[in-house]
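Note on naming: letters A, B, ... go to the chains in the order of the sequence lines (proteins, then strands), and numbering restarts at 1 for each one.
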Protein chains: 2
Amino acid sequence: MDERGTTVRARTLAGAGAASDAAPVAPARITDVARLAEVSTATVSRVLAHPERVAPGTRARVEEAVARLGWVPNPAARTLRSQKTRMVLVVLPDLENVFFSRILRGIEETLAAAGYGMIIADLGPASPRAGALAAFARRQVDGVILLNGRRLGPEAEDMPTIALCETIPGAAIPQIAIDNRAAARRVVAHLVGLGHRRIAHLAGPEGNVLEIERAAGYEDGLRDAGLAPDPALVWPGDYTLEAGVAAASRLLPGPGSAPERPTAVFASNDTMAIGLVGALQEAGLAVPDDVSVAGFDDIEFAAMYRPALTTVRQPRRDLGRVAAEAMLARLAGREASAEGPLATELVVRASTGPARR
Amino acid sequence: MDERGTTVRARTLAGAGAASDAAPVAPARITDVARLAEVSTATVSRVLAHPERVAPGTRARVEEAVARLGWVPNPAARTLRSQKTRMVLVVLPDLENVFFSRILRGIEETLAAAGYGMIIADLGPASPRAGALAAFARRQVDGVILLNGRRLGPEAEDMPTIALCETIPGAAIPQIAIDNRAAARRVVAHLVGLGHRRIAHLAGPEGNVLEIERAAGYEDGLRDAGLAPDPALVWPGDYTLEAGVAAASRLLPGPGSAPERPTAVFASNDTMAIGLVGALQEAGLAVPDDVSVAGFDDIEFAAMYRPALTTVRQPRRDLGRVAAEAMLARLAGREASAEGPLATELVVRASTGPARR
DNA sequence: TTGTAAGCGTTATCAC
DNA sequence: GTGATAACGCTTACAA
């Protein structure tokens, strides 16, 4: 015998406001719906999964009973029986990075419309939690969207997976991204157009795919203008504000500064660009009068910063939406339609100006 | 008969690397562990839930079998049977607000250490999704941490609930917050100490608890200095960058400007403060030379902005941790120990300076 | 088109 | 201290 035994469950119709001070109402179960609609539980279930296989009259009766009782299928029972969770895991490299929030919205909206939920995991590089997360994913979600540029681990190897933004070279999975290389090239072209000839690059983390692409675009842009890339003008960074601050010393007179100082800097993201500009102003240099600075991403603060930041706008919500759609296609057994990279836009603001030196 | 029938499941020991090109390995089940340890499934289950009730020798055998097979209990089965999900829902008013990310980390760390997972929901004010979220919560989580200042809805009324940051007056639930009123009062005292006498308040959303508290603290601060609160110096806002920008017009000469312009502004959050400072600089006013501006929260950008922002630092990670601990206490049937408000710190930076007028 | 019934993997009760 | 076993609520193959 079970602990609940044959106890009658507190039950009432949804919306029957009178029951407010009674015992907590247990949610309706499929058997309640079946009884009310005078059908079997199989038919109730079919109305949800394959409405076309149910006679219209029957279907209407079931639908009414569902509405009257406010029945929502118990997800645990559903998952246990069907081995489908209707959940998608989204893995971020850093939840504190504001860049991701709008992408998450795009994903969430699209998944929700299809009846899927989203679970967010924050997984720094080389986190010891990756293995645990893979084990978690295997049981708790039907698919994984990776924004951190690395596979989750062997446990989750065979589940539907999509890479977003940070692509994973060689992985045989759908990959959704912008053309980082072309975008970076455009930034450099913009700086060149302003007369800059010595243009530095404040890089992202070494080995990061985005950085590899953006660095390549930076070199493309220099070569387009007949300029030779100079390794002394490529400065290490890691997408943090602090990296931007640290880079400022290279533009200031004194030891550690670049031999012939650049007049413009292309930073691999807005956060570093803002750190750099702030530190330069602190040190008495004017942006863009002394140095032009461009970023990447167009985060919210880019427009509000002073000077407002020239940057590359990524279609963040669309990136999320497209990735979610690809995931839904995979989960439905369809081939995800291969789209090319999503379009970006160069947003010219006040942080870049004519070369004065 | 079931569709899976009596098919033998692909199975192997965890770490037996040889099976790589075989069919995907089905995860171990409790029966596999029981068989290997030569005990019943009941004993395996007991080793997890009540190890002290199992003989040490038996326990050791079970633990070894669990390790060998890499068994992790199937969460859906567990939830279905025990009616506990081991998940907590965290409801945010706005995922794009960077203020929350570190709080989330504090919550997540604490929950994870206790074997609980976290699900994040982004729920704007008066969202039509609130009802759906309450229904979701009822089935999918054991408790709810609310950061948005409002109860979820009748469906989730009787589940363990904690309010964090935005308290819910009158609700009989644990509430974790800082002392917004005292902190605001300190900001005003700081401005008064710099010689300011006309101090404006750029407010948060009307009716918001945080705003009510901070506005009260603002008035406290004025009264402490023998200054009379002036309604014309309380400007509407809504925590967005745009609200800060809009407020700038009140400090500029021309129609719509305050009759006798203030020399300092206490903004109810950093985002508005930054919007305000940016727009002032744009218009040719200097901060803090012409106007001092203080914010609230100490988000990451506050320190990097130029001028760096004077603001109130909230112990965000601790707020998350304490709320999660209170939740765990409730879930374990313990009374959450009532702590007072968490301490804040006034961080004086460059955006506030001596009154010059 | 609809119903019957097995079974998803676990936990909790009861009996020993 | 341990085992047998009945649920938890649902989906689906198969029968009718």
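- Regarding contacts with the backbone of C:dA12, every side-chain N or O of B:Gln83 stays at 4.0 angstrom or more from both OP1 and OP2.
- The pair B:Arg105-B:Glu109 does not count as a salt bridge, with every side-chain nitrogen at least 4.0 angstrom from each carboxylate oxygen.
- In this entry the distance linking CZ of B:Arg61 with P of D:dG1 reads 15 Å, nearest Å.
- Listed nucleotides: D:dA6, D:dC10, C:dT4. Nearest to the side chain of A:Ser40: C:dT4.
- To the nearest 0.5 Å, atoms CD (B:Glu166) and CG (B:Leu146) are separated by 10.0 Å.
- A straight line from CZ of B:Arg35 to P of C:dG9 spans 12 Å, rounded to a whole angstrom.
- Look at CZ on B:Arg86: it is 20 Å from P on D:dC8, rounded to the nearest Å.
- Atoms CD1 (B:Ile30) and C1' (D:dC8) sit 15 Å apart, rounded to a whole Å.
- Across A:Thr85 and A:Arg139, no two heavy atoms sit closer than the pair CG2-O, 3.5 Å.
- Residues of residues 43-59 of chain B having a heavy atom closer than 4.0 Å to DNA chain C, listed by number: B:Ser45.
- We find the CZ-CD distance between B:Arg334 and B:Glu325 to be 9.5 Å, quoted to the nearest 0.5 Å.
- Nearer the 5' end of DNA chain D, as judged by each residue's closest nucleotide, is the contact made by B:Thr41, out of B:Ser82 and B:Thr41.
- Distance NZ (B:Lys84) to P (C:dG9): 23 Å, rounded to an integer number of Å.
- In this view, B:Ala171 and B:Arg151, B:Ile168, B:Ile173, B:Gln175 satisfy the side chain to side chain contact (heavy atoms under 4.5 Å, CB included) rule, not counting sequence neighbours.
- Among D:dA4, C:dG3, C:dA6, the nucleotide with an atom closest to any side-chain atom of A:Arg81 is C:dA6.
- Rounded to the nearest 0.5 angstrom, B:Leu123 CG and B:Leu95 CG are separated by 12.0 Å.
- Atoms CG and CZ, on B:Leu104 and B:Arg317 in that order, are 12.5 Å from each other to the nearest 0.5 Å.
- In this structure, the nucleotide among C:dA5, D:dC10, C:dT11 sitting nearest to the side chain of B:Arg139 is D:dC10.
- Spacing between atom CG of A:Leu80 and atom C1' of C:dA6 amounts to 13 Å, rounded to whole angstrom units.
- Between C:dA5, C:dA12, D:dC10, one nucleotide has an atom nearer to the side chain of A:Trp71 than all others, and that is D:dC10.
- Closest to the side chain of A:Arg78, out of D:dC10, D:dA4, C:dT10, is D:dC10.
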